[in-house]
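Side-chain atoms are counted along with the backbone in the values below, which use heavy atoms only and exclude waters and symmetry mates. In each ligand, atom 1 is the first atom listed, and ligand 1 is the first ligand listed.
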Amino acid sequence: MDLRDSPDEAAFRAEVRAWLAANLPSEPGREWSRRMYDAGYAGLTWPEEYGGRGEPYTHQAIVLEEFARAEAPQHVNVIALGMAGPTIMAHGTEEQKQRYLAKMLTADEIWCQGFSEPGAGSDLAAVRTRIEPRNGGFVVNGQKVWSSFAHVADFCILVGLTDPAAPRYKGLTYIIVDMKAPGVDVRPLRQLTGEAEFNEIFFTDVDVPADHLLGEVGGGWQVAMTTLLHERGTLGFALGGALEQQVMKLVALAKKRAADDPIIRDRVAQEWIELQALKLTNNRSLTTLMQTGIPGPEGSGSKLHWSEQNQRLTKLAMEILDGEDDGYWGHQRLRSRGNTIEAGTSEILRNIIAERVLGLPRSR
Ligand SMILES: Cc1cc2nc3c(=O)[nH]c(=O)nc-3n(C[C@H](O)[C@H](O)[C@H](O)COP(=O)(O)OP(=O)(O)OC[C@H]3O[C@@H](n4cnc5c(N)ncnc54)[C@H](O)[C@@H]3O)c2cc1C
């Protein structure tokens with residue numbers, strides 16, 4: 001397999017780099033996301049009838065890599081582009097696709113994900129938020145937690161329980177909730193870093209129309225699996241690019257502060273080697289995606305590798321700084337703690353790799 005860019009890919013990469021050099025914003029947000037969309041870099045692989053460009057996944061991978069390398073802010077609608085959009089494309093009606101998809105790309109409507117609850121994180125099938133079929137639609141009561149972007153979101157993809165008596169996995173339903181509807185209450189949560197990127201969401205008798213159902217009543221588990229495969233599967237290239245930046249910053253720090261220390265040199269070199277391994281794994285995931293159109297379970301390997309490496313290397317940077325906080329690495333070290341929890345904890349990802357990639361017997 002030739003891993004170098006084809007002439008077409010090399011030309012596209014040069015175009016992306018030139019655009020980034022001329023357009024890097026001083027601030028992230030809707031305005032930047034809109035400019036990304038206008039330039040053709042949001043929804044690259046999405047069908048043209050839904051506002052996308054119909055381009056190959058290789059171009060998407062190039063955009064993610066180059067944006068990460070340039071340290072460009074992400075599109076503000078990460079949940080929509082990475083999860084809600086692909087899920088609506090897979091399970092939505094034609095009316096839902098026409099209604100929601102294009103506005104995700106332009107960032108006119110922001111999305112959040114309401115999966116986790118105080119008593120249901122890794123075990124999504126344990127959700128207790130009630131989605132009761134009533135008056136031809138649904139009524140929602142319950143609480144979600146750790147919902148990133150909920151404080152700015154217009155819509156939420158929500159998994160809840162329609163039939164408490166049904167066998168596990170069978171009583172769940174997946175709906176779209178309007179975050180501005182009466183009865184939706186969002187309360188920000190402050191993180192270790194001092195920022196408040198995620199929230200609690202309380203639902204009290206929230207009316208949801210029937211056409212906000214995704215898939216079947218009681219079929220929410222299958223729809224949710226599509227969301228989670230996309231969450232982990234499409235993340236890889238952006239993570240690889242971001243990690244490359246981190247490793248290069250670590251090298252610069254080591255050169256300045258610990259160039260003669262043989263143990264530090266050895267540990268920094270090891271981080272570079274681990275980065276190369278991640279990049280090769282990402283190429284393997286890309287091959288699966290191009291062959292099937294669906295991210296494979298290998299995406300769990302990339303997410304696990306990246307999150308654990310990012311924690312390790314931010315710790316190494318702090319060791320090199322010897323207790324001094326230069327502002328950057330201290331923040332990175334604190335934020336990296338969440339990396340091994342969000343989008344599947346390391347333990348859960350190891351279970352997925354063991355069972356679904358390696359074919360080992362189920363753990364329970
Ligand atoms: C920064 C950040 C952003 C997030 N954004 C969102 C969001 O937008 N929307 C959303 O819905 N959620 C979000 N989450 C929540 C995240 O998905 C959950 O925290 C995660 O799934 C873990 O669930 P939990 O916190 O309930 O932990 P638990 O599931 O209670 O796990 C506790 C511990 O037990 C371990 N464990 C659990 N089950 C097993 C098992 N079967 N085998 C081995 N070990 C196990 C876990 O690995 C963990 O160490 C976010 C989390 C973070 C940190």
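Using a 4.0 Å cut-off between charged side-chain N and carboxylate O, Glu197 and Arg335 make a salt bridge. Salt-bridge formation is detected for the pair Glu132/Arg134: a Lys NZ or Arg NE/NH1/NH2 atom is positioned less than 4.0 Å from an Asp or Glu carboxylate oxygen. Salt bridge present: Arg257 and Glu324 bring a charged side-chain N and a carboxylate O closer than 4.0 Å.
Set against the non-hydrogen atoms of Asn351, the atoms of ligand 1 under 4.0 Å away are 40 (C), 41 (N), 42 (N). Atoms of ligand 1 lying under 4.0 Å from any heavy atom of Phe198, numbered from 1 in the order shown and given with element: 1 (C), 2 (C), 3 (C), 52 (C). For ligand 1 and Gly121, the ligand atoms under 4.0 Å from any heavy atom of the residue are 21 (O), 23 (O), 24 (P), 26 (O), 29 (O). Of all atoms in ligand 1, listed by their number and element, those nearer than 4.0 Å to a heavy atom of Ile348 are 38 (N), 39 (C), 40 (C), 41 (N).
Of the heavy atoms in Thr345, only side-chain atoms (C-beta onward) come closer than 4.0 Å to ligand 1. Of the heavy atoms in Phe115, both backbone and side-chain atoms come closer than 4.0 Å to ligand 1.
For the salt bridge (charged side-chain N to carboxylate O under 4.0 Å, His left out) test with Glu308, the passing option among Arg337, Arg350, Lys315 is Arg350; the others fail.
Checked against a 3.5 angstrom limit, the closest N/O atoms of Ser148 and ligand 1 fall inside it. Distances between N or O atoms of Trp146 and those of ligand 1 include at least one value under 3.5 Å. Looking at ligand 1, you'll find an N or O of Glu347 within less than 3.5 Å of one of its N or O atoms. The N/O atoms of Arg335, backbone and side chain alike, include none that comes under 3.5 Å of an N/O atom in ligand 1. The shortest N/O to N/O separation between Ser147 and ligand 1 does not fall below 3.5 Å.
Classified by interplanar angle (parallel below 30°, tilted 30° to 60°, perpendicular above 60°), the ring pair Phe12/His59 is parallel.
For Trp19 and Tyr41, the distance between ring centers is under 6.0 angstrom.
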Salt bridge (Lys or Arg N to Asp or Glu O under 4.0 Å) between Glu271 and Arg312, intermediate numbers included: CA-CA 9 Å; Glu271 294 308 337; Arg312 205 172 48 238; 2.9 Å; yes
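The salt bridge (Lys or Arg N to Asp or Glu O under 4.0 Å) analysis of residues 63-78, with sequence neighbours excluded, yields the pairs Arg13-Glu65, Arg13-Glu66, Arg17-Glu66, Glu66-Arg69, Arg69-Glu244, Glu71-Lys249.
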